[in-house]
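A short worksheet on the structure shown next.
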Amino acid sequence: MSAKQVTSMSEIIDVIKDGDTIISGGFGLCGIPEKAILALAEKGVKDLTIVSNNCGVDDWGLGLLLKNHQIKKIIASYVGENKLFETQYLNGELEVELSPQGTLAERIRAGGAGIAGFYTPTGFGTEIAEGKEVKEMDGKMYVLEKAIKGDVALVKAWKGDPYGNLIYRQTARNFNPLAATAGKITIAEVEELVDVGELDPNFIHTPSIYVQHIVEGKSYEKRIEKRTVRKKQLN
Amino acid sequence: MSAKQVTSMSEIIDVIKDGDTIISGGFGLCGIPEKAILALAEKGVKDLTIVSNNCGVDDWGLGLLLKNHQIKKIIASYVGENKLFETQYLNGELEVELSPQGTLAERIRAGGAGIAGFYTPTGFGTEIAEGKEVKEMDGKMYVLEKAIKGDVALVKAWKGDPYGNLIYRQTARNFNPLAATAGKITIAEVEELVDVGELDPNFIHTPSIYVQHIVEGKSYEKRIEKRTVRKKQLN
Amino acid sequence: MLTSRERIIKRASEEIKDGMNVNLGIGMPTLLANEIPETIDVFLQSENGLLGIGPYPYAGEENADLINAGKETVTARAGASFFDNAESFAMIRGGHIDLAVLGGMEVSEDGDLANWMIPGKMVKGMGGAMDLVQGAKKIVIIMDHVNKHGETKVRKACTLPVTGLKVVDRLITDRAVFDFTKDGMVLTEILGNGTIDDIKACTEASFTVSKKLLEGVSKND
Amino acid sequence: MLTSRERIIKRASEEIKDGMNVNLGIGMPTLLANEIPETIDVFLQSENGLLGIGPYPYAGEENADLINAGKETVTARAGASFFDNAESFAMIRGGHIDLAVLGGMEVSEDGDLANWMIPGKMVKGMGGAMDLVQGAKKIVIIMDHVNKHGETKVRKACTLPVTGLKVVDRLITDRAVFDFTKDGMVLTEILGNGTIDDIKACTEASFTVSKKLLEGVSKND
């Protein structure tokens, strides 16, 4: 078997270099590649371009890289949960490209799928379309949006096998399968690494072909951003 | 519950009218919506535009609609298994638009996903690109391909629930999940209709939102086109 | 007597019909989920990858892997499905969502919507709002009719950066309901105690009044 | 002594390396699967939606739901995955396939390939060939050097409609191996008993001869 499995994130994180573009899975703090982010924060590579729907919170997730001033540019759809972001943006340290959430997802998918660009109705007539090509097709206006590729993609899955087949759990899937396709090198971290053949081939979310390295992480924190509950009803 | 479930294909096939564009799942004879095709052949609607990777064989699958002269135009990537096709094409009865397989899949996906068109490298410099817009992006040449939508999509799944959630089996998935997204009306036929909650929400291939009608088919023929086997080795 | 917020939510909840797939925006629209009667079977979509949002979990049963687009812990109802973000926005952009109810900052008489940024304030991002307004079959905006300074939010033209042009189908404020038709903006209902003239007084946008409302008003007079 | 077909297949099978994801075209390329040594761990992709094609099923165990792109019944190996056609061509177009081995009708000295239609004959369609030649990291074409009339299939320019321009990385015929580099077409190996002059005689395309081959030939002399 060709070995994709590594024993720790620190063993493989050196593939990421200063100035790299990194596509990260996750939505809010759900399904983020927390071990990879911790390893990156420890390693201290700089001038990163981060592609991610959000940028973590001040003390967790991608916020840790902001705190360390490791991020040069971020491409995201919503960054409202992160106060460090505001400071660094206002003092000109951080470059920001906002992309509507569906457009961002589709751009990453396009990057992985060899599609150079696509026409979407999203953002037509808004600031987001400024400087972009627009085209009328079948009587509706569309904006040309371009693919995003990463030097590295960081992906967090529920279970994976040594070939790199992955499955995700519930809404922790989010951007992860898209990111997985769009990295020149894709590093997957999983809560549980299972033997080859244990994952049902009919229900693989990310086929092994997209994954170059896989590592099992220990004791995931999986922080909850907004704990909302209802009261147990008495019988 | 909003009722999507019907008891027979003939009950619902009347939504298809003369001149409709129909997107059909299936690759070769694998995973084709055989009950819907039989119902269509019986009903005899005419002047159909069929979007399907292949066009069946002379006496099965979409070939049955060719035999009945119900097809006006076909958009496909490979039609070499069907002799009726040749006859009708040569005598001018049948219009053909060839689309490379990956482009066809992506065009159907785009139709379902509200993407009007996309730039693919596939077909650049070939006959397929004639009359289409081309564009250089990041030093490579791309062809603009446009979305395909159907009046009706016909889909065959393995299991489904009354809301229209679907799962497919092995390579019978093929174009089915794409077709499901791209019909104004999507009719799904399944080998087994299970109760709500029996399908694991984490492993649904086609979410219910894409399906308008679902019907359980009886005794599927599932014809094999090329039976290739190896000999059992003696111990 | 209902508060203005309760009035908006009550009226907006009537937009939700049996069998619909619905996306409720973050904030006030999310509260609509509690108003859906049990006799109605609806799938609520969350753009982070869930069709079939259920109620909030019981205390102690929160699950970090199961959140809504507002990052709140939720549950999934029977018949739900999970998917990635590209699939989620294929549903949205592709016109498969029957109804999206979103908050607004301003709506113009052409049905333009502004709801994602205020110049001079920190940019947070548009999230999925620009996709939703282009994709859902019906866009209903809910917002207060006037801001806290008493200035109208129902404008001739949006003064804030737009989320989409000519995208609003219906506007529900605490004072009125407007439809955006090919013949322009139409006042169709008055919520609360105002008169047509009251609505005109607090609305910059030009609108006509529906025949039904005119008849109803004259009957009530 | 090997037949010309066996010679092509044997040489082409050497292109397949441990850990690769490989797409084998319909026809002669499919036969390569039998030549992969057991010491090598490879995933064969089938563009109808399978990564990890296994051997043909035992008689009686054929499964209509499990076929390859040639519509033959197959099996799936351990670690395989199934997916839809859009995902399959995302893999192909997106550059995730390490190697595609395809049949050819003509190859030009620029690396253009023609392998999908012959004018005047019935059009069958290109299937996935146009996507594969644009997407896979390495494109190896296998074909006879000359047609049944003795005419070369290795051309200055393709006379048949092309499948892709400048897409071929390596051409393996029953007589020779050529690489397509930024410096043009290079003869790198001779298969069978021919000389460099023999290869030149049956090749319309202009090519140079690799240093390694020139040295090897002079040593053998």
Side-chain angles (χ1 to χ4, degrees), chain A residues 25 27-31 53-54 76-81 83 85-86 89-90 96 98-106 108-110 120-128 140-141 158 168-178 205 220-233, chain C residues 26 30 46-50 53 55-76 80 82-93 112-114 116-117 119 122-135 161-167:
Chain A
F27 178 90
L29 297 180
C30 180
N53 191 59
N54 315 94
S77 89
Y78 189 83
V79 290
E81 324 283 14
K83 291 184 194 66
F85 187 94
E86 182 162 357
Y89 176 65
L90 290 178
V96 179
L98 286 173
S99 197
Q101 191 177 335
T103 297
L104 182 63
E106 193 70 11
I108 299 170
R109 180 191 176 275
T120 176
T122 302
F124 176 74
T126 75
E127 289 187 3
I128 294 307
K140 191 169 171 176
M141 296 303 296
W158 181 25
Y168 307 91
R169 188 164 174 263
Q170 301 171 324
T171 57
R173 194 182 320 180
N174 55 62
F175 281 80
N176 280 298
L178 311 171
H205 294 136
Y220 272 89
E221 186 161 328
K222 301 213 287 186
R223 206 181 281 189
I224 290 176
E225 219 160 329
K226 290 180 193 164
R227 193 175 302 269
T228 44
V229 298
R230 59 182 160 149
K231 290 263 164 57
K232 267 230 161 76
Q233 283 165 317
Chain C
I26 293 168
T30 301
S46 189
E47 58 261 40
N48 56 318
L50 166 58
I53 308 173
Y56 292 131
Y58 291 119
E61 295 179 3
E62 314 90 288
N63 168 0
D65 291 334
L66 184 36
I67 64 170
N68 66 16
K71 285 125 187 171
E72 300 171 331
T73 47
V74 293
T75 58
F82 296 104
F83 34 83
D84 67 45
N85 260 72
E87 182 72 56
S88 182
F89 283 88
M91 288 177 191
I92 289 169
R93 210 191 301 102
D112 302 346
L113 170 69
W116 76 282
M117 74 169 288
M122 183 58 199
V123 173
K124 289 171 182 257
M126 70 297 285
M130 286 189 184
D131 304 281
L132 276 162
V133 297
Q134 292 293 345
V162 295
T163 307
L165 301 176
K166 299 184 186 175
V167 292

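Each chain gets a letter, A, B and so on, in the order the sequences are listed, and its residues count up from 1.
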Working to the nearest 0.5 Å, report the span between CE of C:Met126 and OG1 of A:Thr103. 8.5 Å
Note: A:Glu81-C:Lys124 ion pair, threshold 4.0 Å (strictly below): no
Proximity breakdown for A:Tyr168 and chain C, heavy-atom pairs closer than 4.5 Å: neither
I need the residue from C:Ala90, C:Ala69, C:Ala76, C:Gly135 with the largest number of non-hydrogen atom pairs under 4.5 Å to chain A. C:Ala69
Considering only heavy atoms from C-beta outward, does the side chain of A:Phe27 approach that of C:Ile67 to under 4.5 Å? yes
Taking NZ, NE, NH1 and NH2 as the nitrogens, is one of them in A:Arg227 or C:Glu62 under 4.0 Å from a carboxylate oxygen of the other? yes
Looking only at heavy atoms, what is the nearest atom pair of A:Gly28 and C:Lys71, with distance? CA-CE, 3.6 Å
Main-chain N/O of C:Tyr56 paired with A:Thr228 side-chain donor or acceptor, under 3.5 Å: no
Restricting to non-hydrogen atoms, name the atom on C:Ala64 and the atom on A:Lys222 that form the minimum distance, rounded to 0.1 Å. CB-O, 3.2 Å
Look at A:Val79, A:Ile108, A:Thr122 and state which one has the largest set of heavy-atom pairs under 4.5 Å with chain C. A:Thr122
Measuring heavy-atom distances to chain C, does A:Asn176 have an atom under 4.5 Å in its side chain, in its backbone, in both, or in neither? neither
Heavy-atom pairs under 4.5 Å with chain C are the metric here; pick the option from A:Ala105, A:Ser77, A:Gly80 that has the most. A:Ser77
Could you state the interatomic distance from CG (C:Asp65) to CZ (A:Arg169), rounded to the nearest 0.5 Å? 4.5 Å
Bottom line for C:Ile92: the part with an atom under 4.5 Å from chain A's heavy atoms is neither
Might you point out which heavy atoms bring C:Gln134 and A:Lys140 nearest each other, and give the distance in Å? O-NZ, 3.7 Å
Any chance you could measure A:Gln170, atom CD, to C:Asn63, atom CG, to the nearest 0.5 Å? 4.5 Å
Which one, A:Pro121, A:Pro177, A:Gly25, A:Gly31, leads in non-hydrogen pairs under 4.5 Å with chain C? A:Pro121
So, taking the atom named CE in C:Met117 and the one named CG in A:Leu98, what distance separates them when rounded to the nearest 0.5 Å? 8.5 Å
Under a 4.5 Å heavy-atom cut-off, does chain A meet the side chain of C:Val123, its backbone, both or neither? both
Chain A contact via C:Asp112 - side chain, backbone, both or neither, heavy atoms under 4.5 Å: neither
Derivation of the side chain to side chain donor-acceptor pair (under 3.5 Å) call for C:Asp131 and A:Gln101: CA-CA 7 Å; C:Asp131 304 281; A:Gln101 191 177 335; over 6 Å; no
So, do A:Thr120 and C:Arg93 sit near enough that their side-chain heavy atoms are less than 4.5 Å apart? yes
Side chain to side chain donor-acceptor pair (under 3.5 Å) partners of C:Lys166, counting only residues at least two apart: none
Nearest 0.5 Å, please: how far is CZ in A:Arg173 from CZ in C:Phe82? 9.0 Å
Show me the pairs that pass side-chain hydrogen bond (donor to acceptor under 3.5 Å, both in side chains) and involve residues 82-92 of chain C, at least two apart or across chains. B:Tyr210-C:Glu87, C:Gln45-C:Ser88
Go through the atoms of A:Ile128 and report whether side chain, backbone, both or neither lie under 4.5 Å from a heavy atom of chain C. side chain
Ranked by heavy-atom pairs below 4.5 Å to chain A, first place among C:Gly128, C:Ala114, C:Gly49 goes to C:Gly128
Using a cut-off of under 4.5 Å on heavy-atom pairs, state which of A:His205, A:Arg109, A:Glu127, A:Arg223 scores highest against chain C. A:Glu127
For chain A, the option from C:Val167, C:Val162, C:Leu132, C:Thr163 that forms the most heavy-atom pairs under 4.5 Å: C:Val162
Using 0.5 Å steps for rounding, measure from the CZ atom of A:Phe124 to the CE atom of C:Met130. 13.0 Å
With a cut-off of under 6.0 Å to the ring centre and 45° to the axis, is A:Lys231 in cation-pi contact with C:Tyr58? no
